[in-house]
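What follows is one structure encoded as structure tokens, with my remarks underneath.
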Amino acid sequence: MKALKMAMSPKFELFAELGIENACDISMIPVMLVMDNGKDFHSKDVSAFLSDLLITQQFAGVYRGDYKPFVERFFRTLKAFLRKIRGAEAKNACNKKGPKAKENNPAKPLRMKELKRFIWHFIMDVYHIRPHAGLRGRTPLMAMTSGLRRLDAERSRGYSTKDGKLSSLDRTVADRAIGNLCPLL
């Protein structure tokens with residue numbers, strides 16, 4: 001629940017506190033969430049929370065990373081980054097045997113606040129400004145910015161109604177946008 005709240009809430013104060021350079025704060029309530037099949041995501045609390053916000057909950061296939069390749073690739077990249085920071089263990093450190101297995105990593109592990117800062121820095125100042133093959137060479141920041149421009153264009157045109165009801169795109173723009181603070185707009 002805390003992760004869902006964080007994902008949908010404005011983060012500009014957090015970015016200022018952590019010194020994030022490429023602070024593109026996009027805060028929206030999505031229309032649909034495609035989730036992993038973890039036990040936590042199937043809970044009644046999560047389902048009720050999403051239902052209250054009119055968010056459709058869909059689950060990816062069980063043990064099928066190919067249903068969510070961009071997410072799986074992101075986590076693989078994040079894990080590789082985290083293995084390089086001070087105090088991290090090597091990929092197969094727990095499987096090592098022999099005299100080298102008893103060697104401890106001499107670096108002092110990071111505190112949670114430092115780890116949080118490293119992760120946010122990696123996501124916003126490294127990952128989001130690298131070109132991605134899945135985005136045809138564009139960066140995630142460029143893709144998000146162009147999406148925000150499309151949303152702003154829809155907002156400026158007003159809301160078209162059919163039979164007095166908002167279309168799904170209009171509902172997305174009108175009801176779902178909490179706000180965004182992206183310096184590139």
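Only heavy atoms go into these numbers, but all of them, side chains included; no hydrogens, no water, no symmetry mates. Everything quoted here is computed from the prediction, not taken from an experiment.
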Any chance you could measure [X], atom [atom1], to [Y], atom [atom2], to the nearest 0.5 Å?
X: M144; Y: C24; atom1: CE; atom2: SG; answer: 5.5 Å
X: I85; Y: L115; atom1: CD1; atom2: CG; answer: 5.0 Å
X: I20; Y: D125; atom1: CD1; atom2: CG; answer: 5.0 Å
X: K116; Y: L18; atom1: NZ; atom2: CG; answer: 6.5 Å
X: R136; Y: M142; atom1: CZ; atom2: CE; answer: 12.5 Å
X: H121; Y: I119; atom1: NE2; atom2: CD1; answer: 12.0 Å

Chi angles and distances behind the side-chain contact (heavy atoms from CB on, under 4.5 Å) call for L33, L4: CA-CA 10 Å; L33 279 179; L4 291 171; 3.6 Å; yes
Hey, any chance [X] and [Y] share a hydrophobic cluster, counting ILVMFWY side chains that come within less than 4.5 Å of each other, even indirectly?
X: M32; Y: L54; result: no
X: Y63; Y: F59; result: no
X: L82; Y: V71; result: yes
X: F70; Y: M124; result: no
X: L148; Y: L135; result: no

Which atom names give the shortest non-hydrogen contact between [X] and [Y], and what distance separates them?
X: F12; Y: D25; value: N-OD2, 2.8 Å
X: L141; Y: T145; value: O-OG1, 2.7 Å
X: H132; Y: P140; value: CD2-CD, 3.0 Å
X: G137; Y: P131; value: O-CB, 3.2 Å
X: P30; Y: I55; value: O-CG1, 3.2 Å
X: M35; Y: F41; value: CE-CD2, 3.7 Å

Where at least one partner belongs to residues 71-92, residue pairs that pass ring pair (Phe, Tyr, Trp, His ring centres under 6.0 Å), sequence neighbours excluded: F74-Y127, F81-F122
Neighbour count >12 (heavy atoms, 6.0 Å) for atom CE, M1: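 Correct, the count exceeds 12.
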Please answer whether the main-chain N or O of [Y] pairs with a side-chain N or O of [X] as donor and acceptor at a distance below 3.5 Å.
X: S43; Y: D40; value: yes
X: D36; Y: A60; value: no
X: S51; Y: S47; value: no

side-chain contact (heavy atoms from CB on, under 4.5 Å) evaluation trace for M6 with K11: CA-CA 8 Å; M6 170 61 89; K11 296 165 221 37; 4.0 Å; yes
I129 side chain reached by E21 side chain, heavy atoms, under 4.5 Å: no
Q58 and V34: CA distance, side-chain angles, deciding distance, side-chain contact (heavy atoms from CB on, under 4.5 Å) verdict: CA-CA 5 Å; Q58 185 176 349; V34 179; 4.3 Å; yes
